[in-house]
Student: 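I have a structure here, written as structure tokens, and I will follow up with some questions on it.
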Amino acid sequence: MQKRIVFLSDCPIHRSMAILGTKWKPVIIWALRERKMRFGQIAVAIGTISRKVLTTTLNQLEQDGIVYRKTSPETTSPHVEYTLTEKGRDLIPLMLNLVEWDRKYIYSQN
């Protein structure tokens with residue numbers, strides 16, 4: 001039997017996890033699944049993330065085309081909202097599958 005060499009750059013799982021495989025990215029995407037949110041709302045929804053990590057992670061998600069950042073100038077301070085892009089919304093059915101997997105194999109054991 002001939003061995004097949006798989007280069008990491010050719011592996012779809014590796015490429016996907018390079019974008020999504022951090023502690024906070026899936027949590028932020030999940031928080032944004034139903035509506036647009038301001039920075040503070042995301043921080044409250046998640047609860048345990050530092051402002052620095054949230055800022056860095058939102059910037060990375062924006063660079064990867066998962067999150068859209070909209071700034072509206074207002075009189076006192078800029079109004080910034082975050083929403084999922086189409087690319088980001090396409091992740092939600094996959095995440096729902098993970099929720100079901102968790103309920104079947106992980107949560108039910110606790």
Side-chain angles (χ1 to χ4, degrees):
M1 179 191 281
Q2 185 178 10
K3 288 185 178 182
R4 182 171 178 250
I5 298 173
V6 177
F7 294 99
L8 287 180
S9 61
D10 295 333
C11 176
I13 295 299
H14 183 264
R15 289 191 308 265
S16 298
M17 295 311 292
I19 293 174
L20 302 172
T22 68
K23 178 178 180 177
W24 294 110
K25 286 180 181 180
V27 177
I28 292 169
I29 294 165
W30 189 249
L32 290 169
R33 75 189 181 280
E34 293 178 349
R35 64 185 177 99
K36 59 186 169 187
M37 299 174 85
R38 295 183 73 172
F39 182 91
Q41 292 172 314
I42 298 169
V44 168
I46 294 173
T48 56
I49 190 170
S50 74
R51 296 181 76 77
K52 180 182 178 187
V53 171
L54 180 55
T55 298
T56 301
T57 307
L58 283 167
N59 286 337
Q60 291 169 348
L61 287 168
E62 184 182 10
Q63 289 172 0
D64 291 328
I66 306 294
V67 168
Y68 175 71
R69 180 180 187 268
K70 181 182 178 187
T71 305
S72 304
E74 295 189 0
T75 54
T76 56
S77 65
H79 182 84
V80 179
E81 292 180 329
Y82 295 90
T83 57
L84 293 177
T85 63
E86 180 181 354
K87 184 177 177 180
R89 288 189 307 272
D90 281 349
L91 292 167
I92 300 306
L94 304 172
M95 295 177 99
L96 287 168
N97 286 335
L98 287 173
V99 169
E100 289 303 314
W101 180 84
D102 174 80
R103 287 181 181 150
K104 183 175 180 179
Y105 294 107
I106 309 300
Y107 184 75
S108 64
Q109 296 176 6
N110 293 330

Student: Residues in side chain to side chain contact (heavy atoms under 4.5 Å, CB included) with Val53, at least two apart?
Tutor: Trp24, Ile49, Ser50, Thr57
Student: Search all heavy atoms of Met37 against all heavy atoms of Ala45 and return the closest pair with its distance.
Tutor: CE-CB, 3.9 Å
Student: Working to the nearest 0.5 Å, report the span between CG of Leu20 and CD of Gln60.
Tutor: 11.5 Å
Student: In Å and rounded to the nearest 0.5 Å, what is the OG1 to OH distance from Thr83 to Tyr68?
Tutor: 7.5 Å
Student: Linking I/L/V/M/F/W/Y whenever any side-chain heavy atoms sit under 4.5 Å apart, do Leu94 and Ile92 land together?
Tutor: yes
Student: Salt bridge (charged side-chain N to carboxylate O under 4.0 Å, His left out) with Arg103: which residues, sequence neighbours excluded?
Tutor: Glu100
Student: How many angstroms lie between CD1 in Ile28 and CG in Leu58, if you round to the nearest 0.5 Å?
Tutor: 4.5 Å
Student: Determine which pairs satisfy salt bridge (charged side-chain N to carboxylate O under 4.0 Å, His left out) with at least one residue from residues 40-57, sequence neighbours left out, and list them in order.
Tutor: none
Student: Apart from Ile13 itself, what residues make up its hydrophobic cluster, given side-chain heavy atom links below 4.5 Å?
Tutor: Met17
Student: Any side-chain heavy-atom pair from Ile66 and Lys25 closer than 4.5 angstrom?
Tutor: no
Student: Do Val99 and Met95 share a hydrophobic cluster (ILVMFWY, side-chain heavy atoms under 4.5 Å, transitive)?
Tutor: yes
Student: Which residue pairs pass the side chain to side chain donor-acceptor pair (under 3.5 Å) test with at least one member in residues 29-46, sequence neighbours excluded?
Tutor: Arg38-His79
Student: Restricting to side chain to side chain contact (heavy atoms under 4.5 Å, CB included), what partner residues turn up for Thr55, sequence neighbours left out?
Tutor: Phe39, Asn59
Student: Does Asp90 have any side chain to side chain contact (heavy atoms under 4.5 Å, CB included) partners at least two apart in sequence or in another chain, and if so, which?
Tutor: Glu86
Student: Rounded to the nearest 0.5 Å, what separation is found between the CD1 atom of Ile19 and the CG atom of Asp64?
Tutor: 4.5 Å
Student: Would you say Leu54 ends up clustered with Val80 if hydrophobic residues are merged whenever their side chains have heavy atoms under 4.5 Å apart, either directly or through other cluster members?
Tutor: yes
Student: With sequence neighbours left out, what residues match Lys23 under side chain to side chain contact (heavy atoms under 4.5 Å, CB included)?
Tutor: none
Student: Heavy-atom distance under 4.5 Å between the side chains of Val67 and Leu84, does that happen here?
Tutor: yes
Student: With Tyr82, which residues qualify under side-chain hydrogen bond (donor to acceptor under 3.5 Å, both in side chains), at least two apart?
Tutor: Arg69
Student: At what distance, to the nearest 0.5 angstrom, does CG of Leu98 lie from CG of Leu91?
Tutor: 10.5 Å
